[in-house]
2 protein chains.
Amino acid sequence: MERQQNRRKHGNTEQAIMNAAEEMFLEKGYKLTTTTMIAEKAGVTHAMLHYYFRTKEQIFLKVLDKALAELQAALQPVMKKDAPFWETLEKGITAHFDFLAKYPRLPQFLFDTIRFNPEVTGRIQERIIDPSRRIIAFHRRIIQEEADSGRIRQVDPDQLLMDIGSLSVSTVMLLQTARKMIPGLGGGMSDGFLESRKKEIIELIRSRLYGNLQ
Amino acid sequence: MERQQNRRKHGNTEQAIMNAAEEMFLEKGYKLTTTTMIAEKAGVTHAMLHYYFRTKEQIFLKVLDKALAELQAALQPVMKKDAPFWETLEKGITAHFDFLAKYPRLPQFLFDTIRFNPEVTGRIQERIIDPSRRIIAFHRRIIQEEADSGRIRQVDPDQLLMDIGSLSVSTVMLLQTARKMIPGLGGGMSDGFLESRKKEIIELIRSRLYGNLQ
DNA sequence: GGCTGGATTAACAGAATTGTTAAACAAAAA
DNA sequence: TTTTTGTTTAACAATTCTGTTAATCCAGCC
């Protein structure tokens, strides 16, 4: 068999380090990830990491920015109302949930970063929190409209959005944690869990809005 | 003014170290807490920590055990059914929520420990997960009874318990995180948030169970 | 074939961390 | 007062981690 080129040139190593760093930082956060661990996972010496990215902080910021960009991109399409209220909301919940299921380590990573790297909270603030405000305002408005017209029960829109957000977030965080405690929990095994959980969350919110009416 | 005794004797130092350790470990987890930080917070040299507790791991286990004991104690009384179903359940939700509001750093601490100290998951398993099974079984039974008799809507009891658990847990975790991002969020400011959040959670569960009926 | 320049490694420096130990100390017992 | 006992400190060893650097390596170009 022809062996892989031991000596990679050009972007190859850089990309390998970047991928390794992404995985490690998402898994363990900034402080508990060592440059040596990243290098090992990428199959190079830790000096390479410093050669390409100068410092641990630099590469961390790149990983963070990438994560924030993905999250930001996922937030955009949630703000279209091209269908009746409930359909729009249900689609929003589903999109939010599916995104988290695809990037299940993102919530914990953000929690970690806010906890232990307060110096970068600004980035999170401006790229996630602030854009979220517009989305929240949008939903707040359409929920309020719907409530005022009596088509759904009276409910504080902020509370409802927190309900949706935290139910989805805790689902993926719980699953990640369960995987640590029950090693036998592979990827396929948890698909059923995620699916039934998503159904339950939607039904929960639907009951909250329409329970006493229809 | 008479000055504090610089040289404390007997249990004084040990207790001071224990308190400092508890605060630091709950705040930052095992690895990110250094014995020097604990000692500093307790106002002694880090050698004292080793004198009284031998190793960092020893004192961590004491802190963990204390936290688990508190959680375990809080789990016990949730299993009495001395009132109609909904009142019992509502009391259970309230107790669970209030406990978490009192120890808001406990969830993150357990998440941390499971993530980064897999060697102690056994302790968590036997003292929390296993006892929880009985409670879950109990609630599963009374929910199932209630559903079968048609007094509440058909619902998967496990899903409902996960709803309750994760809504409360995410509330306190979110609040803790918000405190990091918005420094102006003092203790009193958040009482209102917790109170309205608790009401919403109860209403959410109530709707899920009774929405289409009453 | 030999040169050049980027890529890679090994070795090192400096800081931080856990744990040990010998010496200093303070208070109660003798 | 002297001794004893438990407490505290300062200094040290061993390890780990980040970041630097000088030497080496290799591919393409002359």
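Below, read A as the first sequence line, B as the second, and so on, with proteins coming before strands; counting in each chain starts at 1.
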Anything under 3.5 Å between a donor and an acceptor, one on a side chain of residues 60-75 of chain B, the other on a protein residue two or more places apart or in another chain? List them.
from: B:Asp65; atom 1: OD1; to: B:Arg123; atom 2: NE; distance (Å): 2.9
from: B:Asp65; atom 1: OD1; to: B:Arg127; atom 2: NH1; distance (Å): 3.1
from: B:Asp65; atom 1: OD2; to: B:Arg123; atom 2: NH2; distance (Å): 3.2
from: B:Lys66; atom 1: NZ; to: B:Glu22; atom 2: OE1; distance (Å): 2.8
from: B:Lys66; atom 1: NZ; to: B:Glu22; atom 2: OE2; distance (Å): 3.4

For [X] and [N], what is the distance between atoms [atom1] and [atom2] respectively, to the nearest whole Å?
| X | N | atom1 | atom2 | value |
| --- | --- | --- | --- | --- |
| A:Leu32 | C:dT17 | CG | C1' | 14 Å |
| B:Tyr52 | C:dT20 | OH | P | 17 Å |
| B:Met48 | C:dT21 | CE | C1' | 14 Å |
| B:Asn12 | D:dT8 | CG | C1' | 14 Å |
| B:Met24 | C:dT17 | CE | C1' | 14 Å |

Sequence-distant partners of [X], side-chain contact (heavy atoms from CB on, under 4.5 Å), two or more places apart:
| X | result |
| --- | --- |
| B:Ala39 | B:Val44, B:His46 |
| B:Asp112 | A:Arg115, B:Gln108, B:Arg115 |
| B:Met189 | B:Leu185 |
| A:Asp130 | A:Gln125, A:Glu126, A:Arg133 |

Practice problem: Take nucleotides 14-20 of chain D nucleotide by nucleotide from the 5' end and write B, S or -, depending on whether a protein heavy atom sits under 4.0 Å from the base, only from the sugar-phosphate, or from neither. | Solution: ---SBBB

Quiz item: Say you draw a straight line from NZ of B:Lys31 to NZ of A:Lys28; how long is it, rounded to the nearest 0.5 Å?
Solution: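 If I round to the nearest 0.5 Å, the distance is 8.5 Å.
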
